[in-house]
Chemist: 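Here it is: the structure, laid out below.
Only this structure's heavy atoms are used, side chains among them; waters, hydrogens and symmetry mates stay out.
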Amino acid sequence: MRALRENGIKRMSVLSTLSDQQLSQVPGLGTRSIALIREELKRMGAMKNPPPIDGRS
């Protein structure tokens with residue numbers, strides 16, 4: 001997170017538009033960090049419209 005913030009990437013919407021090659025140019029991010037970022041973006045995408053907590057629509 002620190003490496004992203006220090007390089008002006010503060011929003012997930014911006015992060016999701018960057019390619020792996022662009023992310024690899026960010027100082028402090030390696031291949032494992034990029035993989036973790038991709039996993040989290042996928043997880044967040046799957047939860048964009050979660051069902052209501054009480055089960056009602």
Side-chain angles (χ1 to χ4, degrees):
M1 294 298 293
R2 176 181 279 158
L4 294 171
R5 280 189 303 238
E6 288 174 354
N7 287 280
I9 304 168
K10 298 177 183 177
R11 297 181 180 267
M12 295 298 280
S13 60
V14 172
L15 184 59
S16 66
T17 66
L18 299 175
S19 70
D20 288 357
Q21 183 173 358
Q22 289 170 309
L23 287 173
S24 69
Q25 294 174 4
V26 175
L29 288 186
T31 54
R32 180 66 184 139
S33 297
I34 294 170
L36 290 171
I37 288 168
R38 294 294 175 218
E39 288 175 22
E40 185 63 17
L41 288 171
K42 281 183 188 177
R43 187 186 71 78
M44 290 182 68
M47 295 183 67
K48 270 190 173 174
N49 296 310
I53 293 172
D54 65 3
R56 295 184 213 163
S57 297

Chemist: Please report the shortest heavy-atom distance between K10 and R5, naming the atom on each side.
Modeler: CE-O, 4.2 Å

Chemist: Taking side chain to side chain contact (heavy atoms under 4.5 Å, CB included) as the test, write out the residues that go with E6, two or more places apart.
Modeler: R2

Chemist: Any salt bridge (Lys or Arg N to Asp or Glu O under 4.0 Å) involving residues 15-31? Give me the pairs, sequence neighbours left out, ordered by first then second residue.
Modeler: D20-R38

Chemist: Residues two or more places apart in sequence or in another chain: which of them pass side chain to side chain contact (heavy atoms under 4.5 Å, CB included) with T17?
Modeler: none

Chemist: Holding to side chain to side chain donor-acceptor pair (under 3.5 Å), I want the full list of residues that pass it with N7, two or more places apart in sequence or in another chain.
Modeler: none

Chemist: Taking only distance into account, with no hydrogens and no angle test, what donor-acceptor pairs under 3.5 Å do side-chain atoms of residues 26-35 form with protein atoms, sequence neighbours excluded?
Modeler:
none

Chemist: Identify whether L18 and L36 are in the same connected component of the hydrophobic contact network (ILVMFWY, side-chain heavy atoms under 4.5 Å).
Modeler: no

Chemist: Check this for me, if you would: do K42 and E39 make a salt bridge, where the nitrogen-to-carboxylate-oxygen distance has to be below 4.0 angstrom?
Modeler: no

Chemist: Heavy atoms only: give me the nearest Q21-S24 pair and the separation to one decimal.
Modeler: O-OG, 2.7 Å

